[in-house]
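Residue numbering restarts at 1 for every chain, and letters A, B, ... go by the order of the sequence lines.
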Protein chains: 2
Amino acid sequence: MTNKKMNNTISVDCVIFGFDFEKLNVLLVDRELKNEAVGGEAFTDLTLTGNHILENESLEDAAARVLFDLTGLENIYLKQFGAFCDPDRLKRPNDQAWLKASGRDPGSRIISVGYYSLLATENVTLKWKGRNVKWYPVSEVKDLAFDHMVIFKSALQALRRELLHEPIGFELLPEKFTLSQLQKLYEVILDVEMDKRNFRKKIARMKYLIALDEKQKGVAHKPARLYTFSREVYEKNRKEVLDFNI
Amino acid sequence: MTNKKMNNTISVDCVIFGFDFEKLNVLLVDRELKNEAVGGEAFTDLTLTGNHILENESLEDAAARVLFDLTGLENIYLKQFGAFCDPDRLKRPNDQAWLKASGRDPGSRIISVGYYSLLATENVTLKWKGRNVKWYPVSEVKDLAFDHMVIFKSALQALRRELLHEPIGFELLPEKFTLSQLQKLYEVILDVEMDKRNFRKKIARMKYLIALDEKQKGVAHKPARLYTFSREVYEKNRKEVLDFNI
DNA sequence: GCAAAAGTGTTGTCTCTACACCCATGT
DNA sequence: ACATGGGTGTAGAGACAACACTTTTGC
């Protein structure tokens, strides 16, 4: 419990998604190598957030710790989606230089377990080890450090898949949200367009989406009704269905 | 390529499922400790198959290698379903004794990445490091060594989930199979009963299930038509659908 | 009063469920 | 001839896709 020693071959990487009612974003951190002495050129690029696990810590706890260090939030939705351990995953020149500069053995094999998490993005303030942390639109992410592009793509795929089959979209919205916001979320993440009336008919069948006696305020149009998600109602009524059609 | 050195903190465990047209089975290996000198009592129990990865080997290759050593088969369906790294996962007395007896450091932290695989079970001969390997009905599995019960349950859950949404059941059947065999497979794995006529109507809509001009032989009843699965047709027509209903 | 998003119904087509009998083969 | 699993159709209920107009608010 008080053992803070790090395990140097096992790490977690967190792909943190946020939604701003317009697009899906992901949190990335600047990686800046100024010192050319370690054998590479100076460079700046981007990584996911992550860390090595502590010797007495579970993977999930390590991911939650990264998330807490970053946002100060606890009990965030976290989902393990894959383990990444290719022999070459840290072998590009910039990555080798970075490992050397931060005092780690650039030759050692490190496995990273990926977790994605979903954040209702309003009112989150971000700080991480004095490094720059920023939201980037998912559609514009490219050229991440290490094998983080592979990890990121895998997370996105896992998220899309999960979103199709489980009610996790709500994790990206504030507790109270409008149906248009929910529809937009599905449209953006799944890259589809949906019909408003049909979407609402579908919603109407989901008993766990609860209409509140409350409306949006301060919008320059007819204010929308607010809804909330009830996990209890969902858990009571869940069923699954053969759907690998066509 | 020729580096055969083992990595001693990263391993894979394989949950190998087979189907005998009646029930779902899983491959387990005897773990037998005869020598009481290492500090525990002698015991016999069961484990999944698995191994440490080689220093220059990917996780998937390691899992494929375990499978090949066991069955002599290549190109088997393999799916990563989770990483297991609880601090206590190897800490039960029998596990500690076993690690000592096989010359490993019982205190070191080992991460295991789980793969499940699906085997058409007929005509497979099994050999593994001179240990006893056997099929066990999934419904009767209990008390596995290490944290293998956790891993096994997680694999089963992943398999069920995958089976609902992806056409992987065919991996458990011979290349040519009858519709009743396929239906039985779904019934057994998902623990449901299905209506024969409705099942067949559903199948009829799946263009990638191809009826052959061939029938069962040597059965004491009307011989069934044989079908086969075409992955090409499937890949051409796949689409997904919002289905987290009710 | 105008811009902007909210909210609402109908119709035709497809999919789901429930249910019972005859057929082809081996013994 | 009989036992065994193979194979087939229909009807009613629910879900899906396509489509356009009115309402409420802030400015």
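- Atom CZ in A:Arg225 sits roughly 11 Å away from atom C1' in C:dG7 (whole-Å rounding).
- Here the C1' atom of nucleotide C:dC16 and the NZ atom of B:Lys202 are 9 Å apart, to the nearest Å.
- The shortest side-chain heavy-atom distance between B:Val138 and B:Phe152 falls under the 4.5 Å cut-off.
- Look at CE on A:Met206: it is 11 Å from P on D:dA15, rounded to the nearest Å.
- Where A:Leu179 and B:His221 meet DNA chain C, the nucleotide closest to each residue was compared, and A:Leu179 sits on the side nearer the 5' end.
- Counting to the nearest Å, the P atom of D:dG9 and the CG atom of B:Asn198 are 14 Å from each other.
- Look at CZ on A:Phe199: it is 12 Å from P on D:dC16, rounded to the nearest Å.
- The CZ-C1' distance, from B:Arg197 to D:dT10, rounds to 9 Å in whole Å.
- Here B:Ile111 contributes atom CD1 and A:Ile111 contributes atom CD1; the two are 4.0 Å apart, rounded to the nearest 0.5 Å.
- Cation-pi geometry between B:Arg161 and B:Phe81 is not satisfied (NZ or CZ under 6.0 Å from the ring centre, within 45° of the ring normal).
- Straight-line distance from the CD atom of A:Gln181 to the C1' atom of C:dG7: 15 Å, rounded to whole Å.
- Across all strands, B:Arg200 comes closer than 4.0 Å to base atoms (heavy-atom distances).
- Side-chain atoms of A:Arg225 come within 3.5 Å of backbone atoms of A:Leu212 as a donor-acceptor pair (strictly under, hydrogens ignored).
- Taking the six-membered ring where the residue is Trp, A:Tyr234 and A:Phe229 present tilted rings, their angle falling between 30° and 60°.
- Taking atom CE of B:Met194 as the reference point, atom P of C:dC16 lies 12 Å away to the nearest angstrom.
- Among the nucleotides D:dG26, D:dA15, D:dG5, the one closest to the side chain of A:Arg205 is D:dA15.
- Mapping B:Lys201 and B:Ser180 onto DNA chain D via the closest heavy atom, the residue that lands nearer the 5' end is B:Ser180.
- Remark on DNA chain C: of its neighbouring residues A:Pro223 and A:Asp195, the 5'-side contact belongs to A:Pro223, judged by nearest-heavy-atom nucleotide.
- In terms of position along DNA chain D, the nucleotide closest to A:Lys196 lies nearer the 5' end than the nucleotide closest to the other residue of the pair A:Lys215 and A:Lys196.
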